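One structure below.
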2 protein chains.
Amino acid sequence: MVSSKRTAPDAMSDIDLIVERLEMRGHRVTESRRRVLAGVLAQPAHFTIDDVVHAARQVGRATVFRTVKLLLDLNILCRILLDDGTLHYRLSTRGHHHHLVCRDCGRVEDFTRCDVPALVRQLARATDYEIEGHWLEVYGRCRACARRDGRARSGRAKNAARRSIGATAGAQRRRRTQAR
Amino acid sequence: MVSSKRTAPDAMSDIDLIVERLEMRGHRVTESRRRVLAGVLAQPAHFTIDDVVHAARQVGRATVFRTVKLLLDLNILCRILLDDGTLHYRLSTRGHHHHLVCRDCGRVEDFTRCDVPALVRQLARATDYEIEGHWLEVYGRCRACARRDGRARSGRAKNAARRSIGATAGAQRRRRTQAR
DNA sequence: CACTAGAATGAGACATGGTCTCATCGAAGC
DNA sequence: GCTTCGATGAGACCATGTCTCATTCTAGTG
Ligand SMILES: [Zn+2]
Ligand SMILES: [Zn+2]
Ligand SMILES: [Zn+2]
Ligand SMILES: [Zn+2]
């Protein structure tokens, strides 16, 4: 009973495109799912599930988790492993791709070149494994952050103090949460 | 006050080798740390922090976490991201390496060939990032598991039903936990 | 249109992994 | 032996995610 009902069939919004993919796969199109979708589409470049929980306020937490998982299955979202160990999500346009993540500001670039297949062939031969997939994330600092840090040691020190995955997950989570 | 005190200086155990590295870096060598170390060394190929918490029974949980983190810093342990999203740990012998993980039985092989640097150079040029590190895990099925599954569809179906990272983390965690 | 099966939901308990605080302890240097 | 400051442990706390189960609602059927 919210305003965001289906729009005219010839001017399809992003939501409707996704809804169509749901239908095609035999999933039901519910108001909650629409709301989660709207919440996802309203996010910036990447976001946590909690962000969506807050954005889709009338939807239960469990349902947000379920819906996000569904969107992952449909390749509508992809996961980003930040170097602090937290998982973020982002709309996935391309097919196979990986992420280049700035450790300071969190900016994320997709990239599609992947050198892993060659490695995989050799591994398969050497180890006798059937290789089925891989996970690759690259971490660095974007130009803006690198430049800013030339003299100002402000944000950098805090953010990059502990670089190992999961190290300061707690602290960073908290900071990010309070920030909104 | 436990039996595992320092042994003769000319027959150094694994523990003492690590203890030396702690001392070199100015960390104190406490009984708790020795116990965690012993717990770690007693594990199979890879393990969770919880495994160590149980193995080093007289040591507080927080201290186990702190000590494992310390061992990561010292490159004595490395992290393995299982394809169900759980983190495991293993003794790290080599330097830069990655893991090939069997999705069915959890067997892990280290491999040192890494094709990422070439990719990184190209990325650095294309995106203007200063690239500082990467995370790569490869998933597949070891020969034993592949063969066993030829006809017996037992374990495989359960384990590989959901392949996305984190999907069945709960269920698998539980299974593994009960198993001991 | 009314009816229905079964998919989806929501509330909240539960599980897990990890961090933090703070009073106390003890390893190491003198 | 004393002192100092790093390390510890108990336990609260937090974030992320899953499960249960009674209830609701979509979508397909007649
Ligand atoms: Zn940046
Ligand atoms: Zn790839
Ligand atoms: Zn296997
Ligand atoms: Zn590498």
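Treat the numbers as computed from the prediction; the structure is a model and nothing was measured. What you see below is based on every heavy atom in this structure, not just the backbone, and it leaves out hydrogens, waters and symmetry mates.
- We find that CD of B:Glu31 is positioned 16 Å from P of D:dA7, with the value rounded to whole Å.
- Between the side chain of B:Arg61 and the base of D:dG9 there is no donor-acceptor pair of N/O atoms closer than 3.5 Å.
- With hydrogens and angles ignored, no donor-acceptor pair closer than 3.5 Å exists between the side chain of B:Arg66 and the base of C:dG18.
- Looking at the side chain of B:Val29, the nearest of the listed nucleotides C:dA28, C:dG18, D:dA27 is C:dA28.
- Heavy-atom distances to DNA chain C give each of B:Ala62 and A:Ala62 a nearest nucleotide, and the one nearer the 5′ end belongs to A:Ala62.
- An OP1 or OP2 oxygen of D:dG17 is reached within less than 4.0 angstrom by no side-chain nitrogen or oxygen of A:Lys69.
- Counting to the nearest Å, the P atom of C:dG18 and the CG atom of B:Leu70 are 16 Å from each other.
- Residue B:His27 places no side-chain N or O under 4.0 Å from the OP1 or OP2 atom of D:dG6.
- Atom C1' of nucleotide C:dT21 and atom CZ of B:Phe65 are separated by 17 Å, given to the nearest angstrom.
- Side chain of B:Ser32, nearest nucleotide from D:dG9, C:dG18, D:dA27: D:dG9.
- A:Thr86 and A:Asp84 form a side-chain donor-acceptor contact under 3.5 Å, judged by distance and modelled atom types alone.
- As rounded to whole Å, 13 Å separates atom C1' of C:dG17 from atom CG of B:Asp84.
- If you check every strand for non-hydrogen atoms under 4.0 Å, B:Arg33 touches sugar and phosphate atoms only.
- A distance of 6.0 Å or more separates the ring centres of A:His134 and B:His99.
- The side chain of A:Thr30 approaches C:dA8 more closely than any other nucleotide in the set C:dA8, D:dA7, C:dG17.
- From B:Asp83, atom CG reaches atom CD of A:Glu132 across 8.5 Å, with rounding to the nearest 0.5 Å.
- If you take CD of B:Glu20 and P of C:dA28, they are 13 Å apart, rounded to a whole angstrom.
- The B:Ile49 side chain lies nearest to C:dG18 when the options are C:dG18, D:dC19, C:dT9.
- Put simply, the side chain of A:His54 never gets that close to the backbone of A:Val52: no donor and acceptor are under 3.5 Å apart.
- Counting to the nearest Å, the P atom of C:dA28 and the CE atom of B:Met24 are 15 Å from each other.
- Here the nucleotide nearest the side chain of B:Arg28, chosen from D:dG9, D:dA7, C:dG17, is D:dA7.
- Atom CG of A:Asp51 is separated from atom P of D:dA15 by 13 Å (rounded to the nearest Å).
- Following rounding to the nearest Å, B:Asp50 (CG) and C:dA15 (P) show an atom-to-atom distance of 14 Å.
- Side-chain atoms of B:Gln43 come within 3.5 Å of backbone N or O of B:Gly39 as a donor-acceptor pair.
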